[in-house]
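In what follows, a single structure is set out as structure tokens and then discussed.
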Amino acid sequence: MRHPDHQRAGQGRRVWWLAPPAPEVVRAALRRWPALLQDLLYHRGIMSEEAAEQFLARDWSAGDPFRLKGMEPALERLERAIARQEPIAVYGDYDVDGVTATVMLIQALQALGARARPYIPHRETEGYGLNGEALRSLAEEGIRVVITVDCGARAVMEAALARSLGLDLIVTDHHLPGEVLPEAIHINPKQPDCPYPFKELAGVGVAYKLVQALKARYPHASFEPEDFLDLVALGTVADIVPLLGENRALVARGLERLRAPARVGLQALYQVASLDASQVDPWAISFILAPRLNAAGRLEHARAAYRLLMTRDPAEAAALAEELDRQNRERQVLTQATEEAARAMAVPEDQVPWLIFAASEDFRPGVVGLAAGRLAESFYRPAVVISLMGEEGRGSARSIPEFHITQALDACADLLVRHGGHAAAAGFVVRRENLERLRERLQELAARALSARELQPATIVEAILPLREVTWRLHEWLTRLEPYGYGNPAPRFLSRGVAVRSVRTVGNGGQHLRMVLTVPEGGPVWDAVAFRQGDRAAEVRPGMRLDVVFEVRAERWNGEPRLTLLVEDFAPSSESAMVPLPWSGLEHRG
């Protein structure tokens, strides 16, 4: 049985929001499918027979890479570099998205005969994105072309420096550019006037489009773009972009390759993580593989993750996988310590602030984002955690749907060295002298935006489902909605009046709750696990009736398949209540 590496969300009881059923006009269009599936499709924005067929078949035609603005000039420059044997550097980010994209481009370019080498910055000494000193070093080494992956969209000053150094810069990125674009060739579906229809590709997805275009330009190349779909799936899921449209199709195809891994590095990583290859899914990527691949860049240098994905030597792969596993365990300890210290520093016992803000020299840059995420989840407030190093602080912010954290940082731009991100997550650099002013302004912005709202974490329930209807037939239908992830969450159901047969705590320190549930009239029983909810054991006793919110999972016990309920929340049947969801769809409600 598996459980995520984070704490249970919420302080106190969560609100249960009930998504509405499909309207009759949608039911008529989707009449080929069962009523429950009609509702689940409707919640994902699927309202026509054609769209439903496409979604259930995971049939999304790959977009033409040549529709990406900047693709033609990028190819022309790379063609010249390959023909002239000019050295090329692929400058990647240090997270899974950046590392997988770097591996992919290096392997594709080298297969074309290019003189290509990777450059991945050190998180603590160089920070995120293009680095001036790194560009100078690359120019001194004779590099003539720099391709960024998963970074560069806002690197205006660094692009100007690259140009002055005689470097030709190709930016491949998926982050939202600023008002002024860096002086470079850009491949980014979010840049102005880019006609590419799908805007939500991860950094590795954008790099994949470049690989597709290279193959079209060099049809006799020794690689096929599909060879890299394992990397695309890893980076796309790890970067928490919506698993809809082209992303969903790419990940579905990539999972097939991850379940029969050709890379010896992945084989070794599965081994140290005790992961059955046949069980690899987005959950396994998010909570088993990605944390280990990310651990290198968080604590030391991401080149270990890069080497693991590149190597063909089983012995080297085994050693690297063991090292990443060790670093991940260390990362878990550091994250917990950082979260606890930030909590003690920023959250008074008598009142939770509108925005949690903590900064310290003791915080490692590689874990501040994880600590901020845990704090935001625990208190349902935006959280900012900053690692102070010398005269600067490197911070990470995580937020809630009611507060756009990057827009808040935009309003603090005069206090920041640089910043960027999305609605729910962002990173920035701040001068120490501006730290207190930044805290005050962010607190003011959060109070203004949030004080008029009732902040309470919510769980979306997609349908009320009697427990007796949890069958293998239902599971077969649910698997057609996979792969699940951000933007396409696993469906959660509510069963009312469920009888508790037995209950006990399991795991280290009794941190999880395991129950056996049945219908009141008796009959079949279902194993149910509530992860990170062992502290609620006193709320349950055999014989009582519960209302249970859960996901349906298929597990293997002693080699036998079994349906299991993954419990998100529960309450005594007399106490639970549903709130109609103020409906805007499930998009970005991963």
Side-chain angles (χ1 to χ4, degrees), residues 2-7 92-103 118-128 149-151 202-204 230-231 233-240 258 261 263-275 280 282-311 316-342 362-374 385 387 389 394 396 398 425 427 508:
R2 308 171 304 188
H3 58 88
D5 178 27
H6 61 75
Q7 293 182 325
D93 190 20
Y94 37 62
D95 66 2
V96 177
D97 191 16
V99 170
T100 52
T102 301
V103 170
Y119 189 91
I120 301 175
H122 191 286
R123 184 190 292 261
E124 295 195 7
T125 60
E126 297 177 271
Y128 170 77
V149 289
D150 194 31
C151 63
V204 71
D230 56 345
L231 299 175
L234 283 171
T236 298
V237 173
D239 215 53
I240 319 180
L258 288 171
R263 297 177 192 274
V264 295
L266 287 177
Q267 295 169 12
L269 198 61
Y270 293 1
Q271 181 71 27
V272 300
S274 301
L275 176 62
V280 174
W283 192 99
I285 292 174
S286 297
F287 297 111
I288 297 176
L289 299 176
R292 289 169 170 81
L293 291 169
N294 266 328
R298 292 191 184 281
L299 300 188
E300 296 181 22
H301 199 290
R303 69 169 63 94
Y306 171 86
R307 288 169 53 204
L308 179 78
L309 295 175
M310 285 286 291
T311 188
E316 181 185 26
L320 288 168
E322 290 285 354
E323 177 63 12
L324 292 179
D325 191 58
R326 180 197 65 77
Q327 290 176 338
N328 186 53
R329 292 193 298 273
E330 182 182 352
R331 186 273 308 167
Q332 291 172 319
V333 173
L334 285 171
T335 300
Q336 182 68 27
T338 302
E339 180 201 359
E340 291 174 357
D362 295 331
F363 297 163
R364 292 282 296 272
V367 299
V368 291
L370 299 174
R374 288 189 175 189
V385 183
S387 169
M389 304 174 67
R394 292 177 182 162
S396 284
R398 299 293 183 268
N508 294 332

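Predicted, not measured: the structure shown is a model, and the values here were computed from it.
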Heavy-atom donor-acceptor pair, T100 side chain to D97 backbone, under 3.5 Å: yes
Sole residue of L234, V237, L231 in side chain to side chain contact (heavy atoms under 4.5 Å, CB included) with L258: L234
N328 side chain vs A295 backbone, donor-acceptor pair below 3.5 Å: no
Qualifying residues under side-chain hydrogen bond (donor to acceptor under 3.5 Å, both in side chains), relative to R263, sequence neighbours excluded: Q107, D230
Side-chain donor/acceptor of H301 to backbone N/O of Y94, under 3.5 Å: no
Minimum heavy-atom distance between I285 and P291, given as atom pair plus value: O-CD, 3.9 Å
Any residue meeting salt bridge (charged side-chain N to carboxylate O under 4.0 Å, His left out) with R394, in chain and number order, not counting sequence neighbours: none
Exceeds 12 heavy-atom contacts within 6.0 angstrom, atom CZ of R364: yes
Short side-chain to backbone donor-acceptor contact, T338 and V368, under 3.5 Å: no
Non-hydrogen side-chain atoms of I288 and W283 separated by less than 4.5 Å: yes
Check: R374/Q336 side-chain N/O donor and acceptor closer than 3.5 Å: yes
side-chain contact (heavy atoms from CB on, under 4.5 Å) against R398, all qualifying residues, sequence neighbours excluded: A372, A376, S396, A425
Modelled atom types, side-chain donor and acceptor of Q271 and Q267, under 3.5 Å: no
Backbone N/O of R307 and side chain of T311: donor-acceptor pair under 3.5 Å: no
Those residues that, when tested against E330, pass side-chain hydrogen bond (donor to acceptor under 3.5 Å, both in side chains) (two or more places apart): R326
For G203 against D150, the heavy-atom pair lying closest together: CA-OD1, 4.1 Å
Verdict with reasoning, V280 to L275, per side chain to side chain contact (heavy atoms under 4.5 Å, CB included): CA-CA 8 Å; V280 174; L275 176 62; 3.8 Å; yes
By side-chain hydrogen bond (donor to acceptor under 3.5 Å, both in side chains) - contacts of D239 (at least two apart): H174
Partners passing side-chain hydrogen bond (donor to acceptor under 3.5 Å, both in side chains) against Y270 (at least two apart in sequence or in another chain): none
Chi angles and distances behind the side chain to side chain contact (heavy atoms under 4.5 Å, CB included) call for L293, V99: CA-CA 9 Å; L293 291 169; V99 170; over 6 Å; no
